[in-house]
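We number each residue from 1, following the sequence as shown. In each ligand, atom 1 is the first atom listed, and ligand 1 is the first ligand listed.
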Amino acid sequence: MWEYAIFIIAYLLGAIPFAYLAGRYKGMDVRKHGSGNIGTTNAFRLLGAKLGVLVLLGDALKGALAAYLGYRFFGPWGGIAAGLLAMAGHSWNPFFGFKPSGKGVAAGFGIILVLMPKITVIAIILFVLVVFFTRYVSVGSVLAALTVGILVFLFNEPMAYKVFAVIAVSGVVIRHRTNIQRVLKGTENKFNLKR
Ligand code: G3P
């Protein structure tokens with residue numbers, strides 16, 4: 001019975017707000033600066049590369065650990081359930097009154113790295129190329145997420161991963177609504193690394 005606690009742990013892992021904590025360490029509330037997002041991109045933008053990399057590792061690891069635990073004890077369906085709970089904890093964080101918080105990309109990256117590593121490699125390559133050529137992290141994130149969604153079906157991954165793809169990709173796209181509007185208006189932040 002105790003193994004069902006994994007799902008609560010996954011949710012709480014997802015809710016660890018690494019970008020917020022890194023900002024606090026620097027005396028800044030990341031919710032009030034940059035895009036206001038409690039996520040890896042805003043951490044890079046506001047806090048610089050060193051803390052940005054730490055936030056990326058923290059956010060990706062919490063997703064990976066949640067998916068690993070779910071998979072280890074309950075197989076593919078457990079992996080995706082724990083992964084989705086971690087993304088929910090990250091994106092609508094209970095420590096911030098369930099308001100929209102992170103956008104789920106770095107946490108999602110950790111989850112798919114554990115569950116579908118081949119697809120993850122393709123998504124990372126696409127993400128890096130898109131961000132390099134457009135300087136829009138949000139465009140890279142949305143296109144990489146959509147690519148994951150398409151590849152899961154093209155590679156005929158297990159049904160659990162197809163369900164994960166539909167829910168997680170929808171979540172990532174929904175959380176990027178305002179970014180997409182800004183891209184269309186030409187007012188989206190271009191990615192410039194703070195040194
Ligand atoms: O992963 C989030 C990224 O795609 C966009 O972040 O801070 O520019 O809204 P941000």
Side-chain angles (χ1 to χ4, degrees), residues 13-24 26 28-64 66-67 83-84 86-93 96 99-113 119-120 122-150 164-165 167-195:
L13 273 174
I16 302 172
F18 285 108
Y20 177 79
L21 296 173
R24 278 290 174 219
K26 282 274 190 174
M28 176 190 281
D29 186 342
V30 297
R31 296 173 301 172
K32 301 201 166 97
H33 300 275
S35 66
N37 191 47
I38 307 169
T40 299
T41 306
N42 213 25
F44 267 96
R45 182 183 288 129
L46 299 172
L47 309 172
K50 280 189 203 140
L51 281 175
V53 168
L54 285 179
V55 171
L56 170 63
L57 288 176
D59 280 351
L61 264 177
K62 68 189 188 183
L84 288 171
M87 283 181 84
H90 178 76
S91 298
W92 292 276
N93 198 309
F96 300 108
K99 286 195 201 115
S101 22
K103 295 187 180 173
V105 176
F109 159 66
I111 295 163
I112 61 171
L113 190 60
I119 289 178
T120 308
I122 298 171
I124 293 172
I125 293 171
L126 181 95
F127 173 83
V128 170
L129 287 175
V130 173
V131 175
F132 181 79
F133 285 111
T134 66
R135 323 266 348 142
Y136 291 135
V137 178
S138 55
V139 175
S141 300
V142 170
L143 290 180
L146 291 172
T147 302
V148 169
I150 292 166
F164 171 81
I167 299 173
V169 173
S170 306
V172 168
V173 173
I174 287 168
R175 289 292 293 113
H176 281 81
R177 282 189 322 283
T178 49
N179 299 86
I180 295 166
Q181 285 162 0
R182 286 197 296 269
V183 169
L184 295 175
K185 280 195 221 150
T187 55
E188 173 67 322
N189 292 314
K190 294 233 174 188
F191 187 69
N192 286 310
L193 198 54
K194 181 178 181 291
R195 294 188 190 277

(request) Would you check if the side chain of N42 reaches a backbone N or O of N37 as a donor-acceptor pair within less than 3.5 Å? (result) yes
Only distances under 3.5 Å count here; give the side-chain donor-acceptor pairs of residues 169-176 to other protein atoms, sequence neighbours excluded, each with its distance to 0.1 Å.
{"unit_1": "S170", "atom_1": "OG", "unit_2": "V166", "atom_2": "O", "d": "2.5"}
{"unit_1": "R175", "atom_1": "NE", "unit_2": "G102", "atom_2": "O", "d": "3.0"}
{"unit_1": "R175", "atom_1": "NH2", "unit_2": "S101", "atom_2": "O", "d": "2.9"}
{"unit_1": "R175", "atom_1": "NH2", "unit_2": "G102", "atom_2": "O", "d": "3.2"}
{"unit_1": "H176", "atom_1": "ND1", "unit_2": "V172", "atom_2": "O", "d": "2.7"}

(message) Once side-chain contact (heavy atoms from CB on, under 4.5 Å) is applied, do any residues pair with L13, and if so which ones, sequence neighbours excluded?
(response) I9, I16, K62, L65, A66
(message) Residues around ligand 1, heavy atom under 4.0 Å from any ligand atom, sorted by chain and number. Can you pull those?
(response) S35, N37, T41, N42, R45, K103, V105, V137, S138, S141, H176, N179
(request) Determine, using ring centers only, whether F127 and F109 are less than 6.0 Å apart. (result) no
(request) Find out whether F164 and M87 are in side-chain contact, i.e. whether some heavy atom of one side chain is under 4.5 Å from a heavy atom of the other. (result) yes
(request) Go through the structure and list residues passing salt bridge (charged side-chain N to carboxylate O under 4.0 Å, His left out) with K99, not counting sequence neighbours. (result) none
